[in-house]
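Here the structure is a predicted model, which means the values were calculated and not measured. Along the sequence shown, residues carry numbers from 1.
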Amino acid sequence: MSSRRKSFVPHYQFSNDLETQLQELAENPLLLRMKQSRNEYSDPHRPQYHYVNPEGVLNDPNGLCHWQGNWHLFYQAYPPEDPRQHWGHAISKDLIHWHDLPYCIYPDPEECCFSGSTLVENDRVIAMYHGTKAGNMIATSGDPLLLNWKKLGDAPVIPIGKKGSDPQPYTVFDPCIWREDDTYYSLSAGRELLEHTNKQVAADFLFRSQNLKDWEFLHSFIEGDRFTRVWDDGACPYFWPIGDRHILLFFSHISGGQYLLGDYDRQRDKFVVSYGEKFNFGAAGPCGVHAPSAYPNEDGTVTVIFNMNPGLPAEGWNQIMSLPRVLSLGKDGDSVDVAPISAVESLRETCTQLGSFELPANQELVLDHVSGNSYELELEIDERSASCLEIDVLRSKDKREYTRITVFRERGYFDPTHGFRVRNSCISLDITHSSIAPKFRSRPPENLDVFIERDEKLKLRIFVDRSIVEVFVNERRCVSARAYPICEDSKGISLLSKGSSSNVEELKFWHLKSIYD
């Protein structure tokens with residue numbers, strides 16, 4: 001390898017049997033340093049049950065996969081002695097309790113290791129990622145904990161075009177990889193010109209290979225996309241089956257994390273899109289959802305995790321991971337439902353449960369028996385004819401700080417797929433008043449449209465973890481944002497039914513344990 005770009009981070013070779021690997025990890029200097037670093041953080045905004053890397057800042061999650069009984073999460077890490085992107089690495093049995101592992105993919109010959117995905121085969125895991133100033137790279141590993149990675153040929157398999165040469169019909173950027181029979185396929189992210197204009201739209205360019213080393217460019221992969229914005233790009237793509245359809249998850253530097261749903265036409269090697277939606281309902285930053293990393297499950301669902309952008313400067317760290325989410329095909333076959341990973345319930349402590357009670361009209365009710373800044377709150381509510389329902393979390397007693405969740409029943413867009421002039425409901429997550437910190441950068445409210453049947457109760461699962469709020473609505477949609485209260489008493493919860501009364505049919509509250517204890 002070229003020493004010009006060789007990393008200054010210590011790089012260790014591990015044995016190939018699990019028992020010896022565990023012994024070596026117990027004494028590994030990098031891992032000991034990471035453990036010590038975790039113990040040194042005292043920032044009250046650093047989450048307890050959302051994954052945060054052990055040292056330094058992070059960026060996109062990469063290559064989520066399941067291998068030999070473990071989930072593996074990779075991510076863009078910035079080691080302190082060489083703050084170029086390396087692939088960081090963590091491992092879990094349940095996608096909730098994570099254990100750090102040493103950095104696994106180091107730059108050289110590329111300048112930095114950017115985003116990519118993984119493909120699990122019987123005897124190995126293939127990582128395909130973007131190496132800056134080089135091209136799309138491939139590395140493989142087959143040991144029990146995926147500690148040892150070897151790059152294919154120590155050179156990009158899809159190189160960036162040389163300066164001065166004829167322009168390529170594709171861009172070389174974040175790739176994903178999958179396999180059909182004996183053929184490998186890869187997408188390379190980018191944009192292409194919108195016909196008859198000088199504007200560009202999101203594109204992912206399709207390649208295929210028989211041997212992983214030699215790749216043939218085919219064409220732009222997406223057909224019939226009417227859901228992304230002009231100037232979106234298709235960064236961080238993940239293309240997987242979901243039910244009897246296919247889903248393409250990606251990140252746009254213009255408008256954030258999103259997905260396209262459709263059918264994979266294998267005869268023409270095209271993805272024919274029928275629906276699309278965003279995971280953030282505004283710009284990705286500050287405080288919003290960033291890039292996905294996704295992997296298919298045996299039951300036809302897809303697991304996805306995102307990094308979440310910061311809104312307040314933090315010393316030594318910044319972004320965090322969302323809760324892992326399970327995506328499933330909706331009942332109509334042309335939408336995607338979103339639910340939290342079930343393993344999060346393993347963090348629950350004693351449940352505080354309140355029976356059915358009335359919310360009088362226009363009277364804010366501050367809950368006396370439940371409060372905190374690291375918990376799960378589950379609500380089932382009949383709003384009746386209320387104008388809207390407000391739920392404030394991370395609320396200070398003087399209400400200088402609060403994060404507001406507002407439910408507007410049947411006040412969203414018309415949804416003709418569910419009947420003539422049927423309206424969706426709108427759920428708003430507003431962090432405008434979340435913090436009085438001088439350097440806090442809030443964002444416009446996140447306004448989520450979701451279909452709820454007219455006779456269906458509103459069911460919310462609200463996850464609060466110090467500086468993040470995630471709201472799952474009837475296990476169909478999720479809205480999330482970062483919040484940074486600085487008042488010591490910003491731990492309250494209140495409910496308010498506007499216009500007329502509502503009935504809380506069930507309320508459950510759990511403090512959630514730290515995943516690092």
* **Between Thr301 and Asp299, a side-chain donor and acceptor under 3.5 Å** => yes
* ring pair (Phe, Tyr, Trp, His ring centres under 6.0 Å) between Phe207 and Phe217, worked out -> CA-CA 4 Å; Phe207 295 77; Phe217 170 64; 5.4 Å; yes
* **Flag for Ser37-Glu55: side-chain donor and acceptor within less than 3.5 Å** => no
* Under 3.5 Å, is there a donor-acceptor pair linking the side chains of Arg245 and Ser274? -> yes
* With a cut-off of 6.0 Å (strictly less than), are more than 12 heavy atoms of other residues, nucleotides or ligands near OH of Tyr12? -> yes
* Structure fact -> Test salt bridge (Lys or Arg N to Asp or Glu O under 4.0 Å), reference Arg477, set Glu446, Glu470, Glu277, output is Glu277
* **Side chains of Asn62 and Ser115, donor plus acceptor under 3.5 Å** => yes
* Asked: Given the side-chain rings of His86 and Tyr106, with only the six-membered ring counted for Trp, is the space between their centroids under 6.0 Å?
  -> yes
* Asked: Are Tyr184 and Gln210 linked by a side-chain donor-acceptor pair shorter than 3.5 Å?
  -> no
* Quick check, are the ring centers of Phe221 and Tyr185 under 6.0 angstrom apart? -> no
* Asked: What is the minimum heavy-atom distance between Phe173 and Asn136, and which atoms define it?
  -> O-OD1, 2.8 Å
* With distance as the sole criterion, is a donor-acceptor pair present between the side chains of Ser335 and Tyr275 under 3.5 Å? -> no
* Asked: Taking the six-membered ring for Trp, are His511 and Tyr375 ring centroids under 6.0 Å apart?
  -> no
* Asked: Is Asn309 close to Arg443 at the side-chain level, that is, under 4.5 Å between some pair of heavy atoms?
  -> no
* Asked: What heavy-atom pair brings Leu147 and Ser141 nearest, and what distance separates the two atoms?
  -> N-OG, 4.2 Å
* Asked: Is there a side-chain contact between Asn307 and Gln76, using heavy atoms and a 4.5 Å cut-off?
  -> no
* Structure fact -> Heavy-atom nearest pair, Ser220 first then Phe205, reads CA-CD2, 4.2 Å
* Asked: Thinking salt bridges, do Glu376 and Arg461 make one under a 4.0 Å N-O criterion?
  -> yes
